Amino acid sequence: MTPIRPGEDLGYGDLREVANVDRLLEGVDVLIHMAGTSVERPLPEVIENNLVGLHAVYEGARRHAVRRIVFASSNHAIGMYGVDEHLGLDCDFRPDGFYGLSKMWGEGIARMYWDKHGIESVCVRIGSALERPTESRHLSTWFGLDDLLQFMMRCIEAPKVGFLVAWGVSANTRSYWSPTSCECLGYYPTQNSEEFAAEILGQPNPLDELGRRFQGGGFVGLDYTPPERRPARTRWRPELPGLSHNQLCLRQRTCTGLLHLCSIATEVRPPGGSAWWMPKRRTGIFLGAQGWRNNSDTSRSRCATRRSFGFRPPTVRFTHWATLRAKKARSSFSSAIIASMSKR
Ligand code: 15L
């Protein structure tokens with residue numbers, strides 16, 4: 001670290017302690033928060049440093065009316081995406097470990113403190129913040145220090161940000177993420193790892209096969225269960241006559257809504273043998289395959305569903321139902337769904 005300059009102050013302390021947080025946040029307008037565990041570590045440590053510690057910081061921000069927090073999120077919140085996938089900021093989280101999970105929490109807490117307490121946050125999903133890239137992966141993830149500095153300055157100066165998530169990355173030609181700039185902040189990266197590509201690609205890649213496949217690189221292989229040691233897929237395969245596993249999965253993927261697992265032992269037997277219905281209002285459906293749709297004229301239940309294609313449904317005894325609140329199930333043929341657990 002360079003020596004302290006006028007106007008700068010240096011202190012050490014545990015952020016879980018209120019007195020330390022109060023001392024740090026007194027008179028602060030914008031906080032750049034980069035403390036905490038920054039690599040994959042056992043869960044208890046991550047919880048203390050990144051969850052409890054961050055909560056203490058946001059609570060301190062409330063006490064001291066801090067206007068804005070820049071939260072160092074991480075690419076490890078989405079590390080389980082493959083390297084061939086290009087992500088926008090609206091992608092789902094796919095953390096590659098407890099550290100990545102803690103960054104999901106961080107983005108969540110930032111969201112909540114904006115919505116409930118009006119404290120602004122910029123969650124910056126930092127790639128690899130380094131002076132220069134040192135391995136192949138960095139050609140996609142590098143966040144050059146000039147760009148990092150520019151980013152933080154924009155975070156301090158921007159008039160209004162509300163709740164914002166941005167990629168912390170340089171303008172790398174091979175970036176996994178876009179946009180690399182952040183218009184709302186006025187951040188436009190100027191560094192590009194490509195200038196190091198020839199040199200880096202001429203060196204051995206330190207990542208193993210797994211690390212090369214996923215965006216999270218080396219974090220992915222820590223405490224990773226290889227496919228051959230995972231629970232056998234057949235254990236979870238629905239056993240529904242007439243429906244292939246793929247059909248069921250396909251239906252599941254197309255559904256919208258929440259999947260609820262209810263432990264209800266019951267027998268489903270269609271009256272007259274041609275239709276099944278859900279005995280609960282507003283929960284649709286089961287055993288959908290190609291052709292479930294709403295059949296509003298059939299039943300006492302608003303979300304009654306009816307099989308509209310031609311095989312005779314068998315009588316099935318479930319110990320578990322998968323029920324679905326399917327927004328579209330009432331109107332759309334193709335969105336009707338689902339499936340259920342085996343265990344007959
Ligand atoms: C991070 O979030 C870590 O803090 C850092 O140690 C690097 O691993 C970086 O990501 C990265 O993915 O290169």
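Both ligands and their constituent atoms are indexed starting at 1 by order of listing. All values derive from a computational prediction rather than experimental measurement.
The cationic group of R230 lies under 6.0 Å from the six-membered ring centre of Y224 and within 45° of the ring axis, placing it in a cation-pi geometry.
The shortest N or O to N or O distance between S74 and ligand 1 is under 3.5 Å. Residue T141 has no nitrogen or oxygen atom sitting less than 3.5 Å from a nitrogen or oxygen atom of ligand 1, judged on distance alone.
Proximity to S128 (heavy-atom distance under 4.0 Å) selects the following atoms of ligand 1: 11 (C), 12 (O), 13 (O). Residue contact check: F219 has heavy atoms under 4.0 Å from atoms 8 (O) of ligand 1. Listed by atom number, the atoms of ligand 1 under 4.0 Å from G127 heavy atoms are 9 (C), 10 (O), 11 (C), 12 (O), 13 (O).
Taking the six-membered ring where the residue is Trp, Y99 and H76 present tilted rings, their angle falling between 30° and 60°.
Heavy atoms of I126 found under 4.0 angstrom from ligand 1: none, in either backbone or side chain.
Put simply, the side chain of N192 gets close to the backbone of T173: a donor and an acceptor are under 3.5 Å apart.
Here CZ of F71 is found 14.0 Å from CG of L164. Values are rounded to the nearest 0.5 Å. Atom CD1 of I200 is separated from atom CH2 of W142 by 10.0 Å, given to the nearest 0.5 angstrom.
Every side-chain hydrogen bond (donor to acceptor under 3.5 Å, both in side chains) that E199 has, sequence neighbours left out, goes to R132. Partners of R41 according to the salt bridge (Lys or Arg N to Asp or Glu O under 4.0 Å) rule, which considers only residues two or more places apart in sequence or in another chain, are E45.
Looking only at protein heavy atoms, the nearest one to atom 5 (C) of ligand 1 is S38 O, 3.9 Å.
Distances from ligand 1 to the non-hydrogen atoms of K103 include no value under 4.0 Å.
Ranked by closest heavy atom to atom 7 (C) of ligand 1, the top entry among R125, Q215, H76 is H76.
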